[in-house]
Amino acid sequence: MAMSAPPPPPPPASSSSPPAWLEWAAEYTKAAQAESRPPPEWAARVAAASASAAGESGDVPWSAGLAEVLARALLSGGGAPAAWKYAEAALAARLASPALLLAILSTRVIPQRFSRPMEYRLYLELLKRHGFSFHYQMKAANFRKIMDLIDGNLSLSKIFGISTCEPGVFVVHFVLCILWQLVDVVLDDESLLELTPEKKAQWPTSPEDVSTFEGTFTEQRTEKIEKLQKMNTVTTMELIEHLLRNKVITRILSLARENMQSHWGAFTNRLHLLATNSSTLQNLAISLEPFQQLILGDCNVYGETKHNMRKRFHPIVASNPLSSPNGRCLGASYSALWIPIDMYLEDCLDGSIAATNSIEILSGLVKALQSVNRSTWHDAFLALWMASLRLVQREREPIEGPVPHLDTRLCMLLSITTLAVADIIDEADSLCNETELNSHTKEKSIGNLRNELMLSLQILGDYESLLVPPPCVVSAANHAVTKAAMFISGISINNGYMENVNGMNYSGNMRHLIVESCISRNLLDTSAYYWPGYVSNHANSVSLTLPSQLAGWSSFMKGAPLTQSLVNMLISTPAPSLAEVEKLFEVAVNGSDDVNVSAATVLCGATLLRGWNFQEHTVRLVVELLSPSDPIDYSGRESQLIKLGPMLNVILSGISAVDYAPIFSFHGLIPELAAALMAICEVFGSLSPSVSWTLRTGEEISAHTVFSNAFILLLRLWKFNHPPLEYCVMGDGAPVGSQLTPEYLLLLRNSQVLSSSSLAKERNGQRKLQIPTSHPSSEHPIFMDSFPKLKLWYRQHQACLASTLSGLAHGTPVRNNVDSLLNLMFRKANKGGTSIGSISGSSSISNSSGPGGDDLHLWPQLPAWEILEAVPFVVDAALTACSHGRLFPRELATGLKDLADFLPASLATIVSYFSAEVTRGVWKPASMNGSDWPSPSVNLSMVEEHIKKIVAATGVDVPRLVTGGSSSGTLPLPLAAFVSLTITYKLDKASERFLNLAGPALENLAASCPWPSMAIVAALWTQKVKRWSDFLVFSASRTVFHHNNDAVVQLLRSCFAATLGMSSTSVCSCGGVASLLGHGYCPGGFSPVAPGILYLRIFRCIKDCSILAEDILSLLMLSVKDIAETTVPRQRSDKLKKTKYGMRHGQVSLSAAMTQVKVAASLGATLIWLSGGTALVQSLIQEMLPSWFLTVQDLDQGGTSGGIVYKLGGHALAYLAVSSGMFAWGIDPTPVSRRRERVTRSHLEFLASALDGKISLGCGPSLWRAYVAGFLGLVVECTPCWVQEVELRVLKRLSSGLRQWGEDELAVALLRRAGPEAMGTAAELILSSEW
């Protein structure tokens, strides 16, 4: 039959009616269906009509109206096959909007898919062909209208809670919606929707969910309908799998995952349900990989796995896991990338007290390294355990001296490291609970890190040499493995008391102690006892009875009184569990005067020092015992603290040992401890020494004793012993922590109290204390005004540092006290009746030689604060008399010792005065000739030889100690007086706490004096205490670098060379941590010390840290040059060109070179971070690096490296900048400092300006490109939260510049990390790129 003529062109449309051409198109479509016109003819006719109507309407092309016309044609009248062909033709010719048509169809066809399976099948075909072609649609003038229509149809803004005003945001919503609909279809087909939390679909999937659209489908019952339904389910599943493999779709979905977490969690929960329960999926030959990647978040913005992304961003990075054989070597390999952990741990043990929390710093460091090294968590945990074990092994033969020893290192391994791991796992658990993750992901995330920890500890068992326990902990290790053996054998263990152990005697190692530490904090369970090889199969047939110490603890828990014999027993062994510690605390708080002293004595013994499994609770309880329960005003004489004098004195004496203060520091309790000590000093310093207590041992203590113990410990908590030059000259360039003051410690304490983030944070599953531990006053801020006496002394201390003392008027109380003290100190030295000092009077003189028991009453019975006020004037008068010959040096030392014996706290003021006077340089030098002052000549040559041996590995020349034939040397008079004073002390337990203050102060003071002052001091002290000779000589060797900047640079050069295995003089030629840190300082042998150890012990005395950072930057680039010349063959360097799939030629050698570059950059970042803290890192990123890029740099003089040095150099600088920033400010969304945001914004603004051409660079383009791509790639991958702190306009500029380089992947990733406000821009960039 002949076909009728086509209808005439549409008439012009009125302003109040739809475009006339759409009415015409609707009628023409009906006629064309009736006449079976071919789709091409229909499409051509409609295209001509739309073209003629283009002037009257902005709706064409991609017409929204035509999409609605086609939808009506498809959804009414049975949906003739011809209508579907016309729809396909219209979409292919870009006449109608595919998105709008499919949105309308999805809510009508999907619910009717069972009754009209053929129409649903055709809908799937249209969706597959045209559903996701947005690039050109978004350019249409009517796209805003299309977005509004689709939003109204699918309720995208309402469901997702984000406005679809931006085209890019709309695309993300639309893609997620369509895919969500398809997933719900399959779940509904297989009756799995009931297993979802909502128990229904998000969009309509059944007929009752939706009303009809101007008509309904006609009923069609055929025998094929059931078969078609099953085929449609299969087709839907195949389409889902097809979409999940589409690069553009997965890139769009990654934006939804990043910025729509709650909805993403609900969606992936359904996807996981589909992947694990769908019979259709199980019967198809479809890989589950795309489903799993999307569910687990292992698919990035590029539609690739994270591993592939890392290769794309960093194609020349080696990735040997630490636990693999290739990763265990000690050279500049993958294992060397964890050196920052070793460096930080060793730095913590230098004897200085920090007001920071080592747990938080260490956990942040591990997280940063795990991210930047792209490692598994079990590799990260393994690296942490190995570094901590090396820390212990370096102290197997400790040297004697006033420095922390093995107990402090064991604390770091068995308490701090374990708590850092707990902090990481707890944070992961909290993040899973706070975010809207699907149940499968949440379950996997919560259990994953614990499994990684377990795997790391199992692998750790292979490192037998690291696990050998030091002699002092062999018993504890044997106890731990025996406990495991008993558990496996089914023998009961009552609260840590192993009673029936006959025939069991196992040999334990450090891993057993580590596992017990993890079990005690619920990081592991007792299933660890069943690990292969954890308990050996053989046991010595020896009867092992319950140790007497454990029997003592058992008796105590059963109610036995704390007799002196029981106290002596308990003080030497740690409590077996937290229950004993809690009971000790209760007894100390509620017991009688004698009992609480005994309980406090036990608590501060081995339980505090070696109770590693609960040490975080013990240290806090000790601080609680020292904390006041009084109101904020501590100056009252009726303070409750006075009644607790004996107990407080026992605690203060117990924790004054050199190993204790670092433990409080590691746990972050220095601010709280300082506040407690300030209160004690304020109260007891206001009391007369006549206020005293008699202990049950018969010992009598006075208020002066309690005050002195508290005061000296307080002064050790800030950098009191550092020379005042640091405070006056260095300013912001001073070493980290050197500006600590009492005010600052109180500020830290108050911030911890008032900040909600620092409230008692209970880790997941960790045991809570069963007793209250906070006084009401501890919840309020405390300021220096609360301690008027302490504040007055501190102001005097600062004045003493700033200027010389002014004279005192006659008749004032201070003048009278000065005269009284001088006459008592030097009553034998008064020559012919003349007074010692210009301000001293003529009081009566006793023939007694010191403040002994018989003449103690002669000393002024004044409160300690009044005596301390007079001490600077006393010392000034005495030193002046000595310089003028009115007082012999020996008499000066004896008099000062008498004063310190009367009030030990006065030693602090003596230290302060001598330090200030040495800095001023107004005193004539003292000749150490053996007549007036002690002579060091006996040991001086020996000290010189040993110093040379110690620094031999650095290549630094040691200046001669003596010149011109003299073997005595000179010292500044105040230093000579100070060293003479310290020599008068006996090295016994009574003097230990005072020497712990005076010793480091003497060392720092001597180090600040001209060479060879410290060497002379070492020689003098070696004559006094030979067993300290190793410590003293090592201290003297450090001063070689204090006075010579070139020596410091040489030491840094040795650090880089040793780490990279390029040093011929290194203590170990294999490179890595073995060469950098070696085995610590070996006593007696005076062998060369590893350069890293030397640097960690000297950098705090470097005068200008900013110059230090510049030196590190220069040495890093020199190391890169050496790496490029030695690792990459010159004849092949021209072949090292990047191809589409990575490095095709020379990949092995370039990979090794890049690993060395990373190691060098990581070392440089660590040195900068440790040396100058956040201030120096800020200076590096904001000032030094931009200046470096602006300066002409010629790294490849002569072309010896073939230009590869520029690429390696760019990557090195990128790793240096990002790593140092990560170490300083962390990678968490909440920064530890506002400084991170300012620095990141400033640096990215610099990069954007350079990419825009607004800044002319001096460096080569290949180096610049390598740096920018490397820096931004590391930030995107490792520290994405940094990106969100930068303005979006800057990120857009960076993204545009990257696209000009062809770095489309990185450009998209940068925007993807920028947060929800950048989601639309990122989506548009994805759609506009060619993938």
Side-chain angles (χ1 to χ4, degrees), residues 135 168 247-248 250-252 254-255 258 299-317 372 374 1136-1144 1150 1154 1157 1185 1189 1203-1204 1206-1215 1217-1218 1240 1243-1255 1257 1259-1280 1282-1284 1286 1288-1314 1318-1319 1321-1331:
H135 179 53
K247 291 184 177 181
V248 174
T250 51
R251 287 167 169 78
I252 294 295
S254 70
L255 297 177
E258 196 79 16
C299 190
N300 59 74
V301 72
Y302 314 107
E304 303 166 337
T305 64
K306 292 180 179 178
H307 178 70
N308 291 335
M309 177 183 71
R310 290 162 183 163
K311 280 190 173 182
R312 184 180 293 272
F313 277 174
H314 310 282
I316 50 178
V317 174
V372 77
R374 306 166 187 85
L1136 298 174
K1137 297 180 180 179
K1138 184 175 179 180
T1139 67
K1140 179 178 179 181
Y1141 301 102
M1143 308 308 297
R1144 177 171 298 168
L1150 187 55
M1154 191 58 194
V1157 166
L1185 285 177
F1189 289 122
I1204 194 65
Y1206 292 107
K1207 297 179 182 179
L1208 294 179
H1211 281 286
L1213 293 175
Y1215 276 109
V1218 175
T1240 305
H1243 194 61
L1244 291 189
E1245 175 68 35
F1246 169 75
L1247 298 184
S1249 298
L1251 289 175
D1252 293 342
K1254 298 178 181 178
I1255 297 177
L1257 300 173
C1259 64
S1262 59
L1263 185 146
W1264 173 246
R1265 180 166 180 169
Y1267 174 76
V1268 173
F1271 180 87
L1272 294 178
L1274 286 170
V1275 168
V1276 165
E1277 182 183 350
C1278 305
T1279 62
W1282 292 12
V1283 181
Q1284 299 181 15
V1286 181
L1288 182 57
R1289 63 174 183 83
V1290 176
L1291 298 178
K1292 289 181 178 179
R1293 291 164 58 195
L1294 289 170
S1295 178
S1296 176
L1298 290 171
R1299 292 193 66 194
Q1300 294 178 9
W1301 283 350
E1303 296 282 354
D1304 288 6
E1305 297 96 335
L1306 185 53
V1308 172
L1310 192 64
L1311 293 174
R1312 173 204 172 198
R1313 295 297 199 186
M1319 183 169 64
T1321 306
E1324 294 177 29
L1325 181 56
I1326 292 172
L1327 295 172
S1328 64
S1329 301
E1330 297 181 4
W1331 306 99

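Position 1 is the first residue of the sequence, and the numbers go up from there.
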What distance separates [X] [atom1] from [Y] [atom2], expressed to the nearest 0.5 Å?
X	Y	atom1	atom2	value
I1326	D1304	CD1	CG	11.0 Å
L1325	T1321	CG	OG1	9.0 Å
I252	R1312	CD1	CZ	12.0 Å
E1303	L1272	CD	CG	9.5 Å
H1211	K1207	NE2	NZ	8.5 Å
L1208	M1154	CG	CE	7.0 Å

Which atoms form the tightest heavy-atom contact between [X] and [Y], and what is the distance?
X	Y	result
L1311	A1322	CB-CB, 3.7 Å
V1276	P1280	O-CB, 3.8 Å
G1210	A1266	CA-CB, 3.9 Å
A1307	R1299	CB-CG, 3.7 Å
A1212	V1157	CB-CG1, 3.4 Å

Student check: side-chain heavy atoms of F1246 and V1290 closer than 4.5 Å: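 Not touching, per the 4.5 Å side-chain cut-off.
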
Pairwise side-chain contact, F1271 with L1213, heavy-atom cut-off 4.5 Å (strictly under):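 No - every pair of side-chain heavy atoms lies 4.5 Å or more apart.
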
L1294: which of V1268, L1306, L1310 passes side-chain contact (heavy atoms from CB on, under 4.5 Å): L1310

Which residues share a salt bridge (charged side-chain N to carboxylate O under 4.0 Å, His left out) with E1324, sequence neighbours left out: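 Partners of E1324 under the salt bridge (charged side-chain N to carboxylate O under 4.0 Å, His left out) test: none.
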
Side-chain (R1313) to main-chain (A1309) donor-acceptor, under 3.5 angstrom: no

W1301 backbone acceptor or donor facing R1265 side chain under 3.5 Å: yes

With sequence neighbours excluded, residues passing side chain to side chain contact (heavy atoms under 4.5 Å, CB included) with S1249: E1245, K1254, I1255, R1293

Contacts of type side chain to side chain contact (heavy atoms under 4.5 Å, CB included), residue T1240, not counting sequence neighbours: R1236, L1244, W1282, E1285, V1286

Side chain to side chain contact (heavy atoms under 4.5 Å, CB included) between R374 and E1277, worked out: CA-CA 9 Å; R374 306 166 187 85; E1277 182 183 350; 3.4 Å; yes

